[in-house]
Amino acid sequence: MRDFLVAGNWKMNGNSTANAELVAGIVAGVPEGSGFSLLVCPPFPYLASVVAQAQGSAVKVGAQNVSEHESGAFTGEVAPGMLGDIGCDYVIVGHSERRAMYGETSAQVAAKFQAAQAAGITPILCVGETLAEREAGTTEMVIDEQLDAVLGTAGVDAFATAVIAYEPVWAIGTGMTATPEQAQDVHAHIRGRLAEQSAGIAAGVQILYGGSMKGENAAGLLTQRDIDGGLIGGASLKAEDFLAIANAAAQAK
Ligand code: 13P
């Protein structure tokens, strides 16, 4: 019913030469079949060249962040319209690294989500709890606050053209993956939260898992009922590793 989306968040890694090699490797190795799409999210300076290189292939391109403003005196920021202008299809909003290190609030993330959609870019809304929050038993409360900020401003219908990524902060870059059951529980909770407002939207929205996902654990996660793909950091920086996850998605369909 829902297609898989396998997305690479390159974070602040790469250079022109390495990126060209990585994209060439991914494009050459896109698995046969249907029911999934691939996305790469390079740093801003490389977006246009990656868009050009991926053109005509099955690989889409997204950004890692965006301004909530349309244009104007916002030194150092990138407007949603600019992303659309150079051929980006997606943007990640509310990644935990931006929430934790750059003080992005849920309200600001909601504004970015809406600004992206207004420019025709599909937002990938990241939500997730820290280890302390999980141990305190507040995982669902934390996720609800992050989700509700967007539901409250953009409305549930906005999720017809959005993606959600559940990224437990304790699993990001740590090698500690959530078990398929732990991830499935939270994915089901997220879908349920949307279903309280619209069963149809909830049934259609892609919910990706992120946090130390790799070839070896991808199949276990992707065969869970409510997991519709991955948002991959470390394992998206080598074509072979990224394609191992893409292959798991192609086979899980
Ligand atoms: P890792 O796959 O490196 O844990 O990163 C996950 C992530 O933060 C993707 O956005």
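Counting starts at 1 for both ligands and their atoms, in listed order. Note that these values count all heavy atoms, side chains included, but never hydrogens, waters or copies made by symmetry. Residue numbers start at 1 and run along the sequence shown.
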Taking all non-hydrogen atoms of both residues into account, name the closest pair between [X] and [Y] and its distance.
X: Gly229; Y: Phe4; answer: N-CD2, 3.5 Å
X: Ile232; Y: Val6; answer: CD1-CG1, 3.7 Å
X: Ile245; Y: Ala218; answer: CG2-CB, 4.0 Å
X: Arg191; Y: Ala202; answer: NH1-O, 2.8 Å

**OP:** Give a yes/no on ligand 1: does Ala165 have at least one heavy atom closer than 4.0 angstrom to it?
**Re:** no
Original post:
Ser212 near ligand 1, heavy-atom distance under 4.0 Å?
Top reply: yes
Original post:
Just by distance, with hydrogens left out, do Glu129 and Tyr166 show a side-chain donor and acceptor under 3.5 Å apart?
Top reply: yes
Original post:
Considering only heavy atoms, does Asn9 approach ligand 1 within less than 4.0 Å through its side chain, its backbone, both, or neither?
Top reply: side chain
Using a 4.0 Å cut-off to any heavy atom of [X], which atoms of ligand 1 qualify?
X: Gly211; answer: 4 (O), 6 (C)
X: Glu167; answer: 6 (C), 7 (C), 8 (O), 9 (C), 10 (O)
X: Ala171; answer: 4 (O)
X: Gly234; answer: 1 (P), 2 (O), 3 (O)

Original post:
Should Ile172 be counted as touching ligand 1, given the test is an N or O pair under 3.5 Å?
Top reply: no
Original post:
Where the closest heavy atom to atom 5 (O) of ligand 1 is concerned, which of Lys11, Met176, Gln64 has it?
Top reply: Lys11
**OP:** With atom 4 (O) of ligand 1 as the reference point, say which of Cys126, Gly173, Gly233 has the nearest heavy atom.
**Re:** Gly173
**OP:** Look at Lys214 together with Asp241 and state whether they make a salt bridge at an N to O cut-off of under 4.0 Å.
**Re:** no
Original post:
Taking Glu104 as the fixed residue, which of His95, Lys112, Arg99 is the one that meets the side chain to side chain donor-acceptor pair (under 3.5 Å) rule?
Top reply: Lys112
